[in-house]
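Below: the structure, in structure tokens.
All values below come from the heavy atoms of this structure, side chains included, with hydrogens, waters and symmetry mates left out.
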Amino acid sequence: MADIAAPDRAETTEDIETIGAEFFADPHAQYRRWRARGPVLRVLFPDGVIRWVIVGHAEARAALADPRLHKDATLVDRLITAKRQVPPSDPRALALLTHMLNTDPPDHTRLRKLVSKAFTTRRIAALRPRIEDITATLLDAVATRDEVDLLHEFAVPLPITVICELLGVPVSDRDAFQEWTKALVGVVGLEEERARATAAMTAFLSGLIRAKRAEPGEDLLSGLIEPADDGDALTESELVAMAFLLLVAGHETTVNLIGNGTLALLLDPPRLRALRADLDLVPAAVEEFLRYDGPVNMATIRYTVEPITVGDTEIAPGELVYIALSAANRDPQRYPAPDELETERDTTAHLAFGHGIHFCLGAPLARLEAQIAFTALLQRFPHLRLSPTANPTWQVSTLIRGMLELPVRLDDPA
């Protein structure tokens, strides 16, 4: 384990890029500059720890499927705290993060098998009528107004309602757990705030699981409590961590897929008109929104336990590695004119949902929700446009790429 906690090697300031406020405002501008230096480079993060960041598409795709890049949450924490020279994280926070996205085989294989039965193609397709109903209800609620915050009044409540109903979570609790989520996925923030969010989320999910054990329903969480056909079952801590993952990933990514995609369209009126004129193009457009400005900026962190080579760069043991999905999806070696929104382009092999064994289990649900949302939005509001007051402010997170608000006008400008 000594190699795992090895200190950062000495480097000159010129060797290392830095993540500051300008990165969160426009990571794509930073990625263009970084990419000119090569597909992988060293970056100083706001917590004071230097990490490797992979920005090339070919290198990112290979790294996402490379078993030599590990994801054990406990060892990641040990490595980060050693580099920062601070005490280990709160065990409750680590327990919340020890889900299948932050584990390696064979644990990952077991956890994914236990939850994948709930995300079959048939089960997701069966949700279409309900998602359409929720979408229509939300749009009805804003239809009489001239200006609305489309993020908070449509993009947020749609996926939150869907995932709450799927998991069997009271929708009335959605404001609370979204507040906790923001504290937990941000890259900077008060440790006290994170600790409060961790404790609150853990208590909420533990109580919910106890309630489901006492009175099981037809929801996904009740199903996860039941043992599989082979008798295997999630432990209590695994259930809490899995519920956390499904709840957060099940809404946060789709919120920002809808929000970021809408912003991209509203900034490109000819593309908006073309898509409205042919709604059969919406599924392809959703894939382009994912590629162009997807909801996940950098994939969750990995680390090395042996030397690996990425491109022409050797990464030593004991190093932290981020794979920048947003950067890879705009690599000009993979996509011509990558900074242009082209809703009819070939988006094959985009990495918005990851790649390899950690490919997003909820991708079919996110795609379905986004396709329904954009189709209904374009049909319902022919004059949809950005509000003159709109000035997108972005979350301070290396994980999530999403806005804080999206004011739009719905009325006829004539």
Is there a side-chain contact (heavy atoms from CB on, under 4.5 Å) between L79 and V76? Walk through the geometry before answering.
CA-CA 5 Å; L79 183 52; V76 165; 5.8 Å; no
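- Around atom CG of D312, no more than 12 heavy atoms belonging to other residues, nucleotides or ligands sit under 6.0 Å away.
- Using a 4.5 Å heavy-atom threshold, the side chains of V115 and L245 count as separate.
- Proximity of I357 to R112: side-chain heavy atoms (C-beta onward) are nowhere separated by under 4.5 Å.
- Here the shortest heavy-atom pairing between V408 and L150 reads CG2-CB, 4.0 Å.
- Of the possible polar contacts, one joining the N256 side chain to the E252 backbone as a donor-acceptor pair under 3.5 Å is found.
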Walk me through whether L224 and L246 qualify under side-chain contact (heavy atoms from CB on, under 4.5 Å).
CA-CA 11 Å; L224 289 176; L246 296 176; 3.9 Å; yes
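- More than 12 heavy atoms of other residues, nucleotides or ligands lie within 6.0 Å of CD in E306, so this atom counts as buried by the packing criterion.
- One finds a salt bridge joining D411 and R385 here, because a Lys/Arg side-chain nitrogen approaches an Asp/Glu carboxylate oxygen to under 4.0 Å.
- Aromatic ring pairs are classed by plane angle as parallel below 30°, tilted from 30° to 60° and perpendicular above 60°; the pair F23 and W34 is parallel.
- Between K212 and D219 a salt bridge is recorded (basic side-chain N to carboxylate O distance below 4.0 Å).
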Could you walk me through whether V296 and T253 satisfy the side-chain contact (heavy atoms from CB on, under 4.5 Å) test, starting with their C-alpha distance in whole Å, then the side-chain angles of each, then the deciding distance to 0.1 Å, before giving a yes or no?
CA-CA 7 Å; V296 179; T253 51; 3.9 Å; yes
Evaluate the salt bridge (Lys or Arg N to Asp or Glu O under 4.0 Å) criterion for residues R271 and E288: first the C-alpha distance (whole Å), next the side-chain angles of each, then the deciding distance (0.1 Å), finally the verdict.
CA-CA 12 Å; R271 191 74 58 183; E288 174 66 349; over 6 Å; no
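- Side-chain atoms of R276 come within 3.5 Å of backbone atoms of F381 as a donor-acceptor pair (strictly under, hydrogens ignored).
- In E236, the CD atom is crowded: over 12 heavy atoms of neighbouring residues, nucleotides or ligands sit closer than 6.0 Å.
- Using a 4.0 Å cut-off between charged side-chain N and carboxylate O, D230 and K113 make a salt bridge.
- There is no side-chain donor-acceptor pair under 3.5 Å between N329 and Y31.
- Listed for the H251 side chain is no donor-acceptor partner under 3.5 Å among the backbone atoms of P157.
- Between F359 and F353, the two ring planes are perpendicular [angle over 60°; tilted spans 30° to 60°].
- Inter-residue side-chain proximity for L138 and V142 is flagged as unmet; no heavy-atom pair is nearer than 4.5 Å.
- Side-chain contact between F45 and T398 is present, with heavy atoms from C-beta onward closer than 4.5 Å.
- The CD1 atom of I258 sits 7.5 Å away from the OG1 atom of T135 when rounded to the nearest 0.5 Å.
- Residue H350 is tested with R291, E287, R330, R334 for a side chain to side chain donor-acceptor pair (under 3.5 Å); the sole match is E287.
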Show your working on side-chain contact (heavy atoms from CB on, under 4.5 Å) between E165 and I134 and close with a plain yes or no.
CA-CA 11 Å; E165 291 186 359; I134 297 168; 4.2 Å; yes
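- Among R37, R51, R42, the single residue meeting the salt bridge (charged side-chain N to carboxylate O under 4.0 Å, His left out) criterion with E17 is R37.
- Side-chain atoms of R110 never come within 3.5 Å of backbone atoms of D232 as a donor-acceptor pair (strictly under, hydrogens ignored).
- A donor-acceptor pair is defined here as one N or O able to donate and one able to accept, closer than 3.5 Å; no such pair exists between the side chain of D72 and the backbone of T103.
- With hydrogens and angles disregarded, no donor-acceptor distance shorter than 3.5 Å links the side chain of K83 to the backbone of L320.
- For the atom pair CG (N260) and OH (Y292), the distance works out to 10.5 Å, reported to the nearest 0.5 Å.
- Between H99 and V248, the closest side-chain pair of non-hydrogen atoms is not below 4.5 Å.
- Within the 4.5 Å cutoff, the side chain of P39 has no heavy atoms near those of the V310 side chain.
- Atom-to-atom distance recorded for D26:CG and Q30:CD is 7.5 Å, nearest 0.5 angstrom.
- Atom CD of E226 and atom CG of L114 lie 12.5 Å apart (nearest 0.5 Å).
- The backbone N or O of H70 sits nowhere less than 3.5 Å from a side-chain atom of D104 that would complete a donor-acceptor pair.
- Side-chain N or O atoms of T304 include one that pairs as donor or acceptor with a backbone N or O of A316 at under 3.5 Å.
- In terms of modelled atom types and a separation under 3.5 Å, the side chain of R302 and the main chain of T300 share a donor-acceptor contact.
- Between L75 and V305 there is no side-chain heavy-atom pair separated by less than 4.5 Å.
- How far NZ of K71 is from CG of L97: 11.0 Å, rounded to the nearest 0.5 Å.
- Contact check for D293 versus H28: side-chain heavy atoms found under the 4.5 Å cut-off.
- For the atom pair CD1 (I323) and CG (L351), the distance works out to 9.0 Å, reported to the nearest 0.5 Å.
- The two residues G38 and L41 come nearest to each other via the heavy atoms O-CD2, 4.4 Å.
- Formation of a donor-acceptor pair under 3.5 Å by the H57 side chain with backbone atoms of A349 is found in this model.
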